[in-house]
**Student:** 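Please find one structure pasted underneath; my questions will follow.
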Amino acid sequence: MPPMLGNYCYLCELNSFFAMIPKYAIAALAALCIGTTGADACTSLIAAKGATANGSTMITYAADSHTLYGELYNQPAADHPAGTMRPVIDWDSQKHLGEIPEVAHTYATIGNMNEHGLTISESTWGGREELAGTGLIDYGSLIYITLQRAKTAREAIKVMTDLVEKYGYSSSGESFSIADPDEVWIMELIGKGKADKGAVWVARRVPDGHISGHANHARIHTFPLNDPETLYSKDVISFARQQGLFDGKDEDFDFSRTYAVTDIGALRGCDARVWAYFNKFLPKGEADRWLGWITKGEGEYMPLWVKPERQLTADDLKWMMRDHFEDTPLTMLDDIGAGPFDVPYRWRPMTFEVDGKNYTHERAIATQQTGFSFVADMNSARHDAMKGILWFGVDDANTCVYVPVFNSTLAAPHELAPGNGDMLTLSWDAMFWVNNYVANQAYNRYSQMIPDIRKVQKGFEDSLTASVDSLAATLTPAVSYADAQATLAKLTDGSAAEVTKAYKNLGDYLFVKFMDGNIKRQNEDGSFKRTDEGIAVQPEFGGYNQRYFESIVKEKGDHFRID
């Protein structure tokens, strides 16, 4: 029988869930027939229309922060009387910055997506210190206010730039991925410091058939000055001249080199994550030409976008968000930093000094200190209630399960809802905490535990993907929005509850199986082995990897030698 935790069968629970997911869809379809703190360092990957297998636009986001609690924000649609004021709350500090007039109607939002499928993500790059914003709107408020006021990516760019022009920008340099079901844009923006409360910016549409991304470094270099697919503030170049930051020809103006700080942290710690994405989906070896750029700042810089070797799926992007530079020259598995259990993580601080020389660990896309992450899939060919799918996960993207949330979702499931625990308050029915329960055990003995985690994680995600694909095919335009919305809500709420319950039991299972450095022996059906008398059999001793032993001998010589 499957392994038992007390009287609880964890594999039975998982099996019951896998059987149950299709039932959510079937039962709901039958019914239709009848009647804060913010992110310190983030990654956003992009796949434009034509670069995806299903014709969607897709963007990702990892909100990485050591203090951000993983939860799913939402704001219902609302009508507002004339004269209503909207408070502006800084996303990072939660400080009240001021108020702005509210618009007559605001759209519903769920996470970083609104009811129209518009989705916005970001990554902070800081930029020149003297240009830190002095206005009213911080980057987090800029995202969430815009989601309440815009329907399309182009509308969003106008709303965002109008807001900072009128009320001023209060954050540092920022990159935004802005996507609707038809287009994806990258917009980069930085304040004007004490010179002006506003900001300078440039936005470029990612061409169909291409992929792009940004990860805490400005990625827009030179850009066409007369192109409808490129938008920019009227003073983006003249302001740089006034500040003594640029004196060349307009056509040679480089936004990134002018307004950002291009150092080893920006390249190896930031652009390298985008390089990993390009490297994964370009023909083998093609991305090697940019290794000099990301490791030493030499040679040609990476282009803003590339054409992938094949079309991508949402699952491709989920697994890309779990990347640790595996099978690349930047792999995190071939030095002693990976320890005796091949751990692809490095604890902070990232830099260190040995014999007066400075070094850095790699900063991969997947990292332990993630609050939440998502893969957003926007497609107008689907029912209006699911034209936006937010595959949403909390904690480390490498070990989380992405559950489907839809543009029609009215409220977060209890397991993801704000107020269900916080960074200092453990809640066993909060997805963030049970994911941490699993992940933090794996960090200690990664190579031994990750296979068990992958079985559960992949089982859920494969089943959920199949359910979403089934609904996309069966929810026709003849189905009312309200009925489709109810169907999708059942899938979201049910999957969040089942994943949370299963991950709590997975954490318990890992604790039992790997207790005291041992590995409990198991039968072919997964149950733990007992003697005829019911006592646990002698466990396996997992030991360490060979590199660990060799490192001990290298450091201590014959100190431990016994022959």
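Model, not experiment: these values are computed from the prediction.
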**Student:** In terms of side-chain geometry, is the basic nitrogen of E115 or K387 positioned less than 4.0 Å from the acidic oxygen of its partner?
**Tutor:** no
**Student:** Checking the side chain of R86 only, and the main-chain atoms of I100 only, is there a donor and an acceptor separated by less than 3.5 Å?
**Tutor:** no
**Student:** Do side-chain atoms of D395 reach the backbone of A439 as a donor and acceptor pair under 3.5 angstrom?
**Tutor:** no
**Student:** So V401 and E461, side chain to side chain contact (heavy atoms under 4.5 Å, CB included) or not? Walk me through it.
**Tutor:** CA-CA 7 Å; V401 172; E461 289 190 349; 4.0 Å; yes
**Student:** Walk me through it: do Y232 and F223 pass the test ring-ring contact (aromatic ring centres under 6.0 Å, His included)?
**Tutor:** CA-CA 10 Å; Y232 50 92; F223 54 89; 5.4 Å; yes
**Student:** For I120, is there any backbone N or O sitting under 3.5 Å from a side-chain donor or acceptor partner on N112?
**Tutor:** yes
**Student:** With R219, which residues qualify under salt bridge (Lys or Arg N to Asp or Glu O under 4.0 Å), at least two apart?
**Tutor:** none
**Student:** Just wondering, more than 12 heavy atoms not from N358 lying within 6.0 Å of its CG?
**Tutor:** yes
**Student:** Within a strict 4.5 Å, meaning less than it, do heavy atoms of the L45 and I211 side chains meet?
**Tutor:** no
**Student:** So, for L189 and F176, which heavy atoms are closest and what is the spacing to 0.1 Å?
**Tutor:** CB-CE1, 4.4 Å
**Student:** How far apart are the C-alpha atoms of E309 and K280, what are their side-chain angles, what is the distance that settles it, and do they pass the salt bridge (Lys or Arg N to Asp or Glu O under 4.0 Å) test?
**Tutor:** CA-CA 9 Å; E309 188 174 27; K280 182 78 74 174; over 6 Å; no
**Student:** Mind checking side-chain hydrogen bond (donor to acceptor under 3.5 Å, both in side chains) for D396 and listing every partner two or more places apart, or none if nothing turns up?
**Tutor:** Y345, Y443
**Student:** Quick check for you: to the nearest 0.5 Å, what is the distance between N379 atom CG and D180 atom CG?
**Tutor:** 11.5 Å
**Student:** Of the non-hydrogen atoms in A376 and L390, which two are nearest, and what is the gap between them?
**Tutor:** CB-CD1, 4.0 Å
**Student:** List the steps and the verdict of salt bridge (Lys or Arg N to Asp or Glu O under 4.0 Å) for D250 and R241.
**Tutor:** CA-CA 10 Å; D250 283 4; R241 293 186 191 282; 2.5 Å; yes
**Student:** So, for P228 and R154, which heavy atoms are closest and what is the spacing to 0.1 Å?
**Tutor:** O-NH1, 3.7 Å
**Student:** Assert yes or no for the condition that the ring centre distance of F352 to Y359 is strictly below 6.0 Å.
**Tutor:** yes
**Student:** If you compare all heavy atoms of N420 against all heavy atoms of A430, which two are closest, and at what distance to 0.1 Å?
**Tutor:** O-CB, 3.5 Å
**Student:** Going by ring-ring contact (aromatic ring centres under 6.0 Å, His included), name the residues that satisfy it together with Y402, two or more places apart in sequence or in a different chain.
**Tutor:** none
**Student:** Output every pair passing side-chain hydrogen bond (donor to acceptor under 3.5 Å, both in side chains) with a member in residues 254-266, not counting sequence neighbours, ordered by first then second residue.
**Tutor:** H221-D254
**Student:** Tell me whether E353 at atom CD has more than 12 heavy atoms from other residues, nucleotides or ligands lying less than 6.0 Å away.
**Tutor:** yes
**Student:** Give a yes or no on whether the backbone of G193 and the side-chain of T134 come within a donor-acceptor separation of less than 3.5 Å.
**Tutor:** yes
**Student:** Between the side chain of S172 and the main-chain N/O of G127, is any donor-acceptor distance below 3.5 Å?
**Tutor:** no
**Student:** Which residues satisfy the salt bridge (Lys or Arg N to Asp or Glu O under 4.0 Å) test with K158, sequence neighbours excluded?
**Tutor:** D162
**Student:** Rounded at 0.5 Å granularity, tell me how far CG in D327 sits from CG in L333.
**Tutor:** 8.5 Å
**Student:** Under 3.5 Å, side chain of E188 to main-chain N/O of I220, donor-acceptor pair present?
**Tutor:** yes
**Student:** Let me see the working for H214 and S177 under side-chain hydrogen bond (donor to acceptor under 3.5 Å, both in side chains), right down to the final yes or no.
**Tutor:** CA-CA 8 Å; H214 51 88; S177 296; 2.8 Å; yes
**Student:** Using a 4.5 Å cut-off on heavy atoms from C-beta on, say whether the side chain of L245 contacts that of L131.
**Tutor:** yes
**Student:** For I365 and T60, what are the C-alpha separation, side-chain angles and deciding distance, and is it a side chain to side chain contact (heavy atoms under 4.5 Å, CB included)?
**Tutor:** CA-CA 11 Å; I365 292 174; T60 76; over 6 Å; no
**Student:** Where is the tightest heavy-atom contact between Y481 and S408, given as atom of each residue plus distance?
**Tutor:** OH-CB, 3.2 Å
**Student:** Without swapping roles, check the side chain of D90 against the backbone of K95 for a donor-acceptor pair under 3.5 Å.
**Tutor:** no
**Student:** Could you please spell out the steps behind the side chain to side chain contact (heavy atoms under 4.5 Å, CB included) verdict for L282 and N279?
**Tutor:** CA-CA 5 Å; L282 285 173; N279 180 66; over 6 Å; no
**Student:** Any donor and acceptor pair, going by atom type alone, linking the side chain of R273 with main-chain N or O of C42 inside 3.5 Å?
**Tutor:** yes
**Student:** Output every pair passing salt bridge (Lys or Arg N to Asp or Glu O under 4.0 Å) with a member in residues 203-212, not counting sequence neighbours, ordered by first then second residue.
**Tutor:** E183-R205, R205-D208, R205-E229
**Student:** If the condition is salt bridge (Lys or Arg N to Asp or Glu O under 4.0 Å), which residues does K49 pass it with, not counting sequence neighbours?
**Tutor:** D182
**Student:** Looking at every non-hydrogen atom in both residues, tell me the closest pair between T313 and A53 and how far apart they are.
**Tutor:** CG2-CB, 4.1 Å
**Student:** Does any part of the side chain of W185, heavy atoms only, come nearer than 4.5 Å to the side chain of S212, both counted from C-beta?
**Tutor:** no
**Student:** Atom CZ of F278 and atom CG of D271: how far apart are they, to the nearest 0.5 Å?
**Tutor:** 9.0 Å
**Student:** Rounded to the nearest 0.5 Å, what's the gap from CD1 on I186 to CD1 on I178? Could you check?
**Tutor:** 9.5 Å
**Student:** Should the heavy atoms of other residues, nucleotides or ligands under 6.0 Å from CD of Q311 be counted, would the total exceed 12?
**Tutor:** yes
**Student:** Okay, side chain of N436, backbone of W433: is any donor-acceptor separation there less than 3.5 Å?
**Tutor:** no
**Student:** Only pairs at least two apart or in different chains count here, so list each salt bridge (Lys or Arg N to Asp or Glu O under 4.0 Å) that has a residue in residues 354-383.
**Tutor:** D64-R363, R268-E362, D377-R382
**Student:** Once you measure the plane-to-plane angle for F372 and F374, does it fall in the parallel (<30°), tilted (30-60°) or perpendicular (>60°) bin?
**Tutor:** parallel
**Student:** Relative to each other, are the rings of F325 and W275 parallel, tilted or perpendicular (30° and 60° limits)?
**Tutor:** tilted
**Student:** The criterion is side-chain hydrogen bond (donor to acceptor under 3.5 Å, both in side chains); which residues satisfy it with T328, sequence neighbours excluded?
**Tutor:** none
**Student:** Can you name the side-chain hydrogen bond (donor to acceptor under 3.5 Å, both in side chains) partners of R348, sequence neighbours left out?
**Tutor:** none
**Student:** Give a yes or no on whether the backbone of V394 and the side-chain of N435 come within a donor-acceptor separation of less than 3.5 Å.
**Tutor:** yes
**Student:** Considering residues, nucleotides and ligands other than D79, do more than 12 of their heavy atoms fall under 6.0 Å from its CG?
**Tutor:** yes
**Student:** Any chance you could lay out the side chain to side chain contact (heavy atoms under 4.5 Å, CB included) test for I59 and L317, step after step, and finish with the verdict?
**Tutor:** CA-CA 8 Å; I59 65 172; L317 287 171; over 6 Å; no
**Student:** May I have all residue pairs that pass side-chain hydrogen bond (donor to acceptor under 3.5 Å, both in side chains) and include part of residues 191-201, sequence neighbours excluded?
**Tutor:** K192-D235
**Student:** Got a sec, which residues hit salt bridge (Lys or Arg N to Asp or Glu O under 4.0 Å) with D335, two or more places apart in sequence or on another chain?
**Tutor:** R346
